[in-house]
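Below: one structure, written as structure tokens.
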Amino acid sequence: MNLYGKNIILGVCGGIAAYKAAELIRLLKKGGADVWVVMTEKAKEFLSPLTLQTLSENPVYSDLFHNECNYPMPHIDLAKKCHLLLIAPATANTIGKCASGIADDLLSTLFLSVSSSVLIAPAMNNNMYTNPVVQENIKKLKGFNVNFVEPEFGELACGEYGEGRLAEPDAIVSKIKELLSEKKNLTGKNILITAGPTHEYLDPIRFISNLSSGKMGYAIARAAKRRGGNVILISGPSNISPPPSIQFIPVKSADDMRREVLNEYKKADVIIMAAAVSDFSPIRYSDKKIKSKESEGITLKLKKTSDILSEVSNRQAVRSQKKIIVGFALETDNIIKNAKEKLKKKNMDFIVANSINGFGSDLNKVAIIDRRGTVEDIPLVSKDKIAEILMDKIEKGLKVKYVK
Ligand code: CTP
């Protein structure tokens with residue numbers, strides 16, 4: 001892919017890797033892009049704006065109020081023309097400001113103003129990079145659909161060895177090409193996704209649940225949004241921030257989830273049930289805390305929850321319409337055999353079979369099985385990658401249904 005007609009805004013922060021901005025501009029220009037540079041005040045200590053102005057053949061911006069072009073609001077003007085905002089190198093300070101919505105200079109204000117994709121390439125000392133505060137900020141930004149090119153391991157400017165070196169400019173430019181070539185094949189399609197565990201309360205403070213983190217369902221929601229879908233995410237309790245610009249419906253119990261799914265499924269073109277819905281809930285709920293003296297020999301009586309996926313897929317409205325239904329199978333043994341049976345029994349188009357090892361992790365090893373019983377084994381990859389592979393299959397499935 002070439003970058004002709006694309007305006008890339010390059011935000012440069014104050015770190016020793018700032019000099020690599022020169023090479024980035026050269027590669028981006030070589031690919032055909034127009035490049036506009038925004039430097040933080042500290043970046044100017046490391047690198048002369050004149051260098052980047054000469055290479056980009058555009059004025060370099062760093063002040064919110066005063067700039068060479070006399071634009072009254074450079075952050076708005078730059079945001080309007082921006083096809084992709086790249087922050088490279090990104091310091092812990094700028095990442096922290098972006099994650100917290102602090103807009104106290106041109107770059108952090110621009111970050112909040114752009115509606116384009118954002119790609120951040122961090123570079124810093126390895127202890128800073130692995131510091132939980134920085135990692136938490138990165139995680140938060142990823143939850144807002146901000147893309148990252150991870151830094152590399154290697155010798156750092158401080159003399160230490162570790163993770164923190166700015167990714168190679170070639171790798172950054174490849175990622176930009178990948179982001180800009182993303183297809184919006186789900187534009188106009190309504191995608192209903194369930195995610196996370198459910199909580200089945202015994203009393204106001206105790207519940208039955210499972211180890212689901214919601215990571216898979218949220219990754220699917222992000223992938224569907226990136227492809228232009230109208231996403232409705234119905235999620236049980238999870239610590240992950242929902243992606244922006246989607247309809248988010250938080251729920252607690254299997255019953256709440258059932259109610260919301262039944263409210264929303266009719267208008268959905270694709271229904272993806274990634275939630276780990278509890279199969280049972282207590283028959284009796286005590287609205288007062290069960291006291292310890294009552295718990296001696298206590299017996300919990302449970303009832304089966306309604307199988308939301310079966311209920312939806314068996315409804316006439318779904319059978320007669322061209323909806324794609326995707327379910328998950330969580331198994332401890334006979335994974336493929338059990339998943340195939342579930343696919344048939346619950347009338348799905350695809351089932352994603354996985355073992356309990358993926359719980360809570362960013363990675364998983366799954367198999368995706370279609371209606372004809374074809375099994376595609378996916379090796380251990382990120383849940384974001386699994387979501388992309390699944391969305392490719394769903395797109396193809398939608399095409400087939402609409403041609404029929
Ligand atoms: N599911 C659902 N409602 C339930 C239970 C499960 O909609 N009450 C959905 C899940 O979201 C998942 C699929 O059904 O997409 C399979 O869930 P799983 O827990 O693996 O299977 P179960 O049908 O509960 O079967 P079992 O527990 O016996 O393996």
Side-chain angles (χ1 to χ4, degrees), residues 191-201 207-221 224 231-238 249-266 268 270-283 302-315 317-319 323-360 364-371 375 383 386-387 390-391 393-394 397:
I191 322 284
L192 173 63
I193 299 160
T194 66
T198 61
H199 287 181
E200 312 302 324
Y201 279 83
F207 54 79
I208 298 173
S209 188
N210 57 63
L211 290 170
S212 168
S213 61
K215 284 182 179 172
M216 190 64 243
Y218 282 62
I220 295 171
V231 176
I232 303 174
L233 176 61
I234 300 175
S235 173
S238 164
I249 305 176
V251 296
K252 286 201 173 112
S253 67
D255 245 18
D256 298 342
M257 186 169 277
R258 173 179 178 269
R259 191 186 58 244
E260 295 302 337
V261 169
L262 294 183
N263 268 343
E264 302 292 342
Y265 83 95
K266 280 193 186 139
V270 179
I271 301 170
I272 307 172
M273 308 287 264
V277 187
S278 175
D279 287 328
F280 37 76
S281 67
I283 287 188
L302 303 172
K303 61 175 189 284
K304 201 175 164 352
T305 56
S306 150
D307 188 319
I308 309 170
L309 176 44
S310 296
E311 209 176 324
V312 163
S313 69
N314 285 327
R315 290 213 172 184
V318 170
R319 276 192 270 139
K323 293 184 195 292
I324 295 270
I325 300 196
V326 183
F328 277 69
L330 183 74
E331 307 290 344
T332 46
D333 44 26
N334 292 328
I335 297 182
I336 300 296
K337 182 172 166 283
N338 289 341
K340 280 185 173 173
E341 280 170 16
K342 268 183 202 169
L343 177 134
K344 274 220 174 89
K345 196 171 115 206
K346 301 200 187 189
N347 191 21
M348 307 177 203
D349 293 281
F350 297 101
I351 191 158
V352 184
N354 59 155
S355 75
I356 53 170
N357 298 336
F359 262 152
N364 204 0
K365 186 173 168 315
V366 303
I368 303 180
I369 309 170
D370 67 17
R371 244 180 212 288
V375 181
K383 289 185 175 172
I386 296 171
L390 183 62
M391 293 321 290
K393 288 186 184 293
I394 289 171

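In listed order, ligands and their atoms are each counted from 1. Predicted model only: the values in this text are computed from it and were never measured. Values below: every heavy atom of this structure, side chains too, minus hydrogens, waters and symmetry copies.
For the pair K323 (side chain) and I271 (backbone), a donor-acceptor distance under 3.5 Å is absent. With hydrogens and angles disregarded, a donor-acceptor distance shorter than 3.5 Å links the side chain of N354 to the backbone of A329. Put simply, the side chain of S238 gets close to the backbone of S213: a donor and an acceptor are under 3.5 Å apart. Listed for the E200 side chain is no donor-acceptor partner under 3.5 Å among the backbone atoms of F280.
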Worked check of side-chain contact (heavy atoms from CB on, under 4.5 Å) between M273 and K346: CA-CA 11 Å; M273 308 287 264; K346 301 200 187 189; over 6 Å; no
N or O contacts of ligand 1 with protein under 3.5 Å, please list pair by pair.
from: ligand 1; atom 1: 3 (N); to: I308; atom 2: N; distance (Å): 3.1
from: ligand 1; atom 1: 7 (O); to: I308; atom 2: N; distance (Å): 3.4
from: ligand 1; atom 1: 7 (O); to: L309; atom 2: N; distance (Å): 2.8
from: ligand 1; atom 1: 8 (N); to: T305; atom 2: OG1; distance (Å): 3.4
from: ligand 1; atom 1: 8 (N); to: S306; atom 2: O; distance (Å): 3.1
from: ligand 1; atom 1: 11 (O); to: M273; atom 2: O; distance (Å): 3.3
from: ligand 1; atom 1: 11 (O); to: A275; atom 2: O; distance (Å): 2.8
from: ligand 1; atom 1: 14 (O); to: K346; atom 2: NZ; distance (Å): 2.9
from: ligand 1; atom 1: 15 (O); to: M273; atom 2: O; distance (Å): 2.7
from: ligand 1; atom 1: 15 (O); to: F328; atom 2: N; distance (Å): 2.8
from: ligand 1; atom 1: 15 (O); to: F328; atom 2: O; distance (Å): 3.4
from: ligand 1; atom 1: 20 (O); to: L330; atom 2: N; distance (Å): 3.0
from: ligand 1; atom 1: 20 (O); to: K342; atom 2: NZ; distance (Å): 2.7
from: ligand 1; atom 1: 21 (O); to: K342; atom 2: NZ; distance (Å): 2.9
from: ligand 1; atom 1: 23 (O); to: K346; atom 2: NZ; distance (Å): 2.5
from: ligand 1; atom 1: 24 (O); to: D279; atom 2: OD1; distance (Å): 3.0
from: ligand 1; atom 1: 24 (O); to: D279; atom 2: OD2; distance (Å): 3.2
from: ligand 1; atom 1: 27 (O); to: D279; atom 2: OD2; distance (Å): 3.0
from: ligand 1; atom 1: 29 (O); to: K342; atom 2: NZ; distance (Å): 2.8

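Looking at I351, D349, L192, N347 one by one, the single match for side chain to side chain contact (heavy atoms under 4.5 Å, CB included) with I325 turns out to be D349.
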